[in-house]
Amino acid sequence: MIERKHRCGKLVFDRNAIVRAALRAYIEAMFGDVPLKRLSFPASAGAMWTGDLRRGAIYNDDRCGNYDVVAWTETGVVGLAYELGFGPIEQLGLSVDAVTGGPDDVRGALPGLPDELEPALVMAVGLLATGEAHPNGVLYGERLAGVGFWLHGDRVAGTLFDDPTAAGAQRLAAWGMVGGGRLWPLSSYFYPRDRAIVAEYARKDAPVHALIDAVVDRRMRGPTELTTAELELLFPIPPAPETLLDAQRMLQKVGITWPGSPEIAPEEP
Amino acid sequence: MQQNTKSPVDLLGVIDPDKPKRILLQNERRRMISRLVRFPSPPVGQRAIRYAMLVVGFVGATMTGACGAPSESGCPAPDVTPPDIDTATECPASTEVPCMRYRIPLVGNPSTDVALRNKYIAAFGTACYMSEFDTFDCFYREWQAACADAANIGEVSGNAPYKKGYTCQPVTGTEDYTLQVGSDVANKITINYQAAPRQTPLVEVDGVPTEVSGPYRNLQEPPTLGSGQPFNKCDSGMFDQNGDGLTQTQWILQVNSKANNGAIHSDLAGFKYPCGVDENCKPKTCTEQLVLKAGPPSDPDAAQVHHVVPMNDKRGCSWGTNSNKNAAVISRRLNLYFTNNNPPAEEVKILNNAAAYAP
């Protein structure tokens, strides 16, 4: 865990809190939108998951084209963010001739990245979008991120700190404000009015949030299964079979099953 | 931004190969700042002051509508506490307000002289733009880039070239820089660090500056409306059939889906745009599909709510608003294409002529 001062306030980067917040945000995204909608204003408008709790990554977007990706290994975290129009060419000085479509496209956001975090960078880059055609009509296919940070042991660095007003920095700053392992909707960090609304709905949806917290806590200790009571709260009306199967698949991906869903292999120690 | 007390020459330093490419490029640009010619230093324009006042006024208006932070109103409850931060002044939303940038002193009157304006745009690119106040200027995020272009104002404007070989110098006690442009040390121009006015949100369609008024124009506007505002804020003022709150993004997608029997349709279906080359290395054209996907979010055909006039301009200053008029539902791939290209007239034509969705 390490604290850093930032224009967004005091940021605390904690690998385990980030992983918990990622898992929680992924589940919130599922239950924060149709067809499963059980809560308002989820932390993530659109989430994808890869890997597991030891080595994995989350993609978190706003359904408007802006996103962040956070990837972790046992030893640390890599975070990258993109705001429309501010990719590596525009914001990191990447030359179009140097575009590879791989990790080197965005390495400029992560100066001094320790070798041990290369696997995390590779995972993160795997979830980044690639650029479309530029005004000259040429498609370079650059990986799209314009700002980043890395956390390794008691060290944290990246253009999030070197260029704190960079486009996308706020998306990453939010990962330094996941006290208790919970990410909140991005706008609630920066707009007081949104914060009040989110608080109001968090109270209204408290039972579902409490359930998610309980499931996440169990999952952080190992693969887990939803209980009958939890299923009743999450699915008060039985969803369509294909919706249910999608939900089962999404939860299975993060090691959460329920009676009747396929068994998952135990996680490696 | 911290005051830079070192001279640009001092800042050149030794290039550290481990530093990110951006820093290396900045150093390259610093080396470029070297050739300047005499030109009278203009006074700090009154226009700059007017910009600053207008921007400050805008900020004030935006904040007026916001209720206090939860801590000020005695909420939230201890068990449901959103981030305990006071960001109202420390960390403004996605763009800086006011948007402080380096302005180079253009020669002539490009605000009214279209030919001169086009010369500046051709030479200095997206740094130069028409503001919503019908003024034309060039603003830069980094002083090095501003100085590099400022050195070329003479020839670009069609006047005598500036004498080269000088470097920008910081003005003590300010964020401004001066650049000697002639052999007389008194002959210098000032690169002012000042509030950049908002780029005009009007799009030129068939020679006419046109307001974007897309297919969601008839939907109720959110309570807080302004440039640089995202669509995914929680105070959209919209609710679903169960009375639960929706973000503007969710609301727009639901309106679209409801009108299309549960499917999400692109508002720019049929739009053609360049998308690389085919197997024979010939330029390829993509066509926007009619039916978009709800997910996964990484799918090129995933539905996204697009700011027709982008939320941020090329200088990273706020530009397009979160008005429903400025929204369009399109695929992720097309959205990524538009982010590299200012709103094309063709796009605005299609959206402005599209039938309006019913609330």
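So that the names make sense, note that chain A is the first sequence line, chain B the second, and so on, each numbered from 1.
For B:Thr339 (side chain) and A:Gly85 (main-chain N/O), a donor-acceptor pair under 3.5 Å exists by modelled atom type. A:Tyr191 places no side-chain N or O within donor-acceptor distance of the main-chain N or O of B:Lys233, the cut-off being under 3.5 Å. For the pair B:Asp244 (side chain) and A:Ser40 (backbone), a donor-acceptor distance under 3.5 Å is absent.
Between A:Tyr82 and B:Leu336 there is a side-chain heavy-atom pair separated by less than 4.5 Å. The side-chain heavy atoms of B:Val329 and A:Arg63, taken from C-beta on, include no pair separated by under 4.5 Å.
Within 6.0 Å of CG in A:Asn136 there are more than 12 heavy atoms belonging to other residues, nucleotides or ligands.
At a 4.5 Å heavy-atom cutoff, the contact between A:Ala47 and chain B is made by backbone atoms alone. Interface remark: B:Leu253 contributes side-chain atoms only to the contact with chain A (heavy atom separation under 4.5 Å). For B:Thr249, the part sitting under 4.5 Å from any heavy atom of chain A is the side chain, from C-beta outward, and nothing else. A:Ile89 does not touch chain B: none of its heavy atoms, backbone or side chain, sits under 4.5 Å away. Looking at A:Tyr140, there are no atoms closer than 4.5 Å to chain B (heavy atoms on both sides), in backbone or side chain. For B:Asn342, no part lies under 4.5 angstrom from a heavy atom of chain A. Residue contact with chain A, scored on non-hydrogen atoms closer than 4.5 Å, involves the backbone of B:Lys314 exclusively.
Ion pair B:Arg332/A:Asp61 not flagged as a salt bridge, since none of the NZ, NE, NH1 or NH2 atoms sits closer than 4.0 Å to an Asp/Glu carboxylate oxygen.
The residue among A:Val138, A:Leu110, A:Leu84, A:Leu139 with the most heavy atom pairs within less than 4.5 Å of chain B is A:Leu84. With chain A as partner, the option from B:Pro274, B:Pro300, B:Ala302 having the largest number of non-hydrogen pairs under 4.5 angstrom is B:Pro274. For the set A:Ala210, A:Gly180, A:Ala129, the count of heavy-atom pairs under 4.5 angstrom toward chain B peaks at A:Ala129.
With no hydrogens or angles considered, no side-chain donor-acceptor pair links B:Asn340 and A:Glu132 at under 3.5 Å. For the 3.5 Å distance criterion, the side chains of B:Arg141 and A:Thr165 qualify, holding a donor opposite an acceptor.
The line from OG of B:Ser236 to CZ of A:Phe41 is 6.0 Å long, rounded to the nearest 0.5 Å. In this structure, the separation between NE2 on B:His306 and SG on A:Cys64 is 10.5 Å, given to the nearest 0.5 Å. In this structure, the separation between CZ on A:Arg193 and OG1 on B:Thr224 is 6.0 Å, given to the nearest 0.5 Å.
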